[in-house]
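Step one of this worksheet: look at the structure below.
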Amino acid sequence: GLSRSVFSQERDQQHVEAKRPAPPLISHKVAVVSVDDATRKRLTRDAAEDLLIELQAAYKDLGFRKQVRKLAQDVTDQGEFIAYLNKVALPVQRPVLERFGFDGSDLGVAEMRKAVQDHMRAKGGDDKLRVVAEATMQALYGDFYEVVRGVGLHPELRAALPPDKGRPARKAKEEEGSSDSEHEAKDALPPCLHWTGRPGCYEP
């Protein structure tokens with residue numbers, strides 16, 4: 001009858017949503033932005049720190065964080081996640097870039113990175129600024145900092161994480177002796193376990 005037809009349509013809709021295709025692969029199409037070292041903008045050390053702190057605040061925008069989490073669910077590879085994240089982050093970065101005199105584009109991002117790196121790669125690089133820069137990367141990646149970036153760094157170079165961040169939920173549950181349901185543990189896991197080439201520490 002009518003009710004059977006309605007439920008059938010709902011099941012069909014759920015099936016279509018479950019089969020939603022992943023976004024197209026773009027990481028192999030990402031072009032390296034060429035920066036002219038002779039004409040690029042530079043920053044003072046204090047301006048570089050101020051810019052990084054402003055980016056940290058921008059990356060905490062709730063709308064942006066939702067975009068990043070959805071992106072992690074939709075893509076199937078860590079490289080694709082990073083490629084798409086760079087595109088998603090640009091609108092959030094643009095106001096900060098322009099406020100510090102950079103173009104609000106991929107070129108502006110590349111020039112900004114070099115301007116910050118000037119102070120970290122110089123002889124006797126600025127360790128304090130390096131800490132601020134890594135904290136900015138953590139703010140960008142959010143829940144995915146450890147799995148995307150932190151796992152590849154020496155421990156002393158990683159941004160400090162809260163005790164409950166950066167660990168697989170299953171391991172955390174075991175250490176805490178928790179008796180929470182399997183469903184709750186699954187929800188706590190980062191939505192990137194389907195990625196190919198993810199770090200081994202996140203194997204289910």
Side-chain angles (χ1 to χ4, degrees), residues 17 20 22-24 26-27 30 33 35 41 43-117 119-120 128-153 157-169 172 187-195 198-199 202:
E17 291 176 354
R20 183 176 59 186
I26 64 169
S27 60
V30 175
V33 178
V35 175
K41 179 176 175 57
L43 293 171
T44 65
R45 190 267 175 211
D46 289 344
E49 182 174 3
D50 289 344
L51 181 148
L52 290 171
I53 291 172
E54 287 198 24
L55 283 176
Q56 289 179 32
Y59 293 150
K60 293 177 182 177
D61 176 78
L62 292 180
F64 176 63
R65 296 263 50 94
K66 289 180 180 178
Q67 282 184 295
V68 174
R69 193 165 186 84
K70 182 178 184 302
L71 178 60
Q73 294 170 332
D74 290 347
V75 301
T76 59
D77 182 83
Q78 180 173 312
E80 292 301 311
F81 173 76
I82 294 173
Y84 271 103
L85 178 60
N86 288 337
K87 297 172 71 71
V88 170
L90 185 56
V92 176
Q93 296 166 331
R94 184 173 290 121
V96 178
L97 291 171
E98 293 177 345
R99 193 152 48 246
F100 283 83
F102 296 97
D103 188 60
S105 64
D106 290 336
L107 176 60
V109 173
E111 289 190 340
M112 175 270 292
R113 288 174 177 164
K114 281 186 171 291
V116 172
Q117 290 168 357
H119 301 282
M120 297 188 292
K128 181 182 176 183
L129 190 63
R130 186 176 291 110
V131 170
V132 177
E134 196 58 37
T136 305
M137 295 300 295
Q138 180 191 358
L140 172 62
Y141 289 121
D143 292 340
F144 309 99
Y145 170 77
E146 188 69 13
V147 69
V148 174
R149 180 173 172 83
V151 73
L153 298 175
L157 298 179
R158 299 175 191 167
L161 293 174
D164 61 338
K165 296 294 184 182
R167 297 182 301 165
D187 286 346
L189 285 166
C192 58
L193 296 181
H194 62 292
W195 289 356
R198 63 181 180 273
Y202 274 83

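Two residues are said to be in side-chain contact when any heavy atoms from C-beta on lie closer than 4.5 Å; Leu55 and Met112 meet this criterion.
In plain terms, the two heavy atoms of Asp143 and Arg69 that are nearest each other are OD2-NH1, 3.1 Å. Nearest heavy-atom pair, Phe144 versus Ala72, reported as atom, atom and distance to 0.1 Å: CZ-CB, 3.4 Å. Considering all non-hydrogen atoms of both residues, Gly108 and Phe102 come closest at O-CD2, 3.9 Å. Considering all non-hydrogen atoms of both residues, Gly79 and Asp77 come closest at N-OD2, 2.7 Å. Between Ala58 and Val96, the shortest heavy-atom contact is CB-CG2, 4.4 Å. Of all heavy-atom pairs spanning Ala115 and Lys41, the tightest one is CB-O, 3.9 Å.
Applying the side-chain hydrogen bond (donor to acceptor under 3.5 Å, both in side chains) rule to Thr44 yields no partners; only residues at least two apart in sequence or on another chain are considered. Among residues two or more places apart in sequence or in another chain, the side-chain contact (heavy atoms from CB on, under 4.5 Å) test is passed with Lys87 by Ile26. Tyr59 pairs by the side-chain hydrogen bond (donor to acceptor under 3.5 Å, both in side chains) definition with Gln93, not counting sequence neighbours. The side-chain contact (heavy atoms from CB on, under 4.5 Å) search around Glu98 returns Arg94, not counting sequence neighbours. The side-chain hydrogen bond (donor to acceptor under 3.5 Å, both in side chains) test applied to Asp103 returns Ser105, not counting sequence neighbours. Here Pro23 pairs with Asp74, Val75, Tyr84 under the side-chain contact (heavy atoms from CB on, under 4.5 Å) rule; sequence neighbours left out. With sequence neighbours left out, Glu54 forms a side-chain hydrogen bond (donor to acceptor under 3.5 Å, both in side chains) with Arg99. Every salt bridge (Lys or Arg N to Asp or Glu O under 4.0 Å) that Glu49 has, sequence neighbours left out, goes to Arg45. Residues that satisfy the side-chain contact (heavy atoms from CB on, under 4.5 Å) test with Asp106, not counting sequence neighbours, are Val33, Leu90.
Annotation: the span from Leu71 atom CG to Phe64 atom CZ amounts to 9.0 Å, rounded to 0.5 Å. Taking CD of Glu111 as the start and CG of Leu97 as the end, the distance is 10.0 Å to the nearest 0.5 Å. A distance of 6.0 Å separates CG in Leu129 from CG in Leu52, rounded to the nearest 0.5 Å.
Between the side chain of Arg130 and the main chain of Gln117, no donor-acceptor pair closer than 3.5 Å is present.
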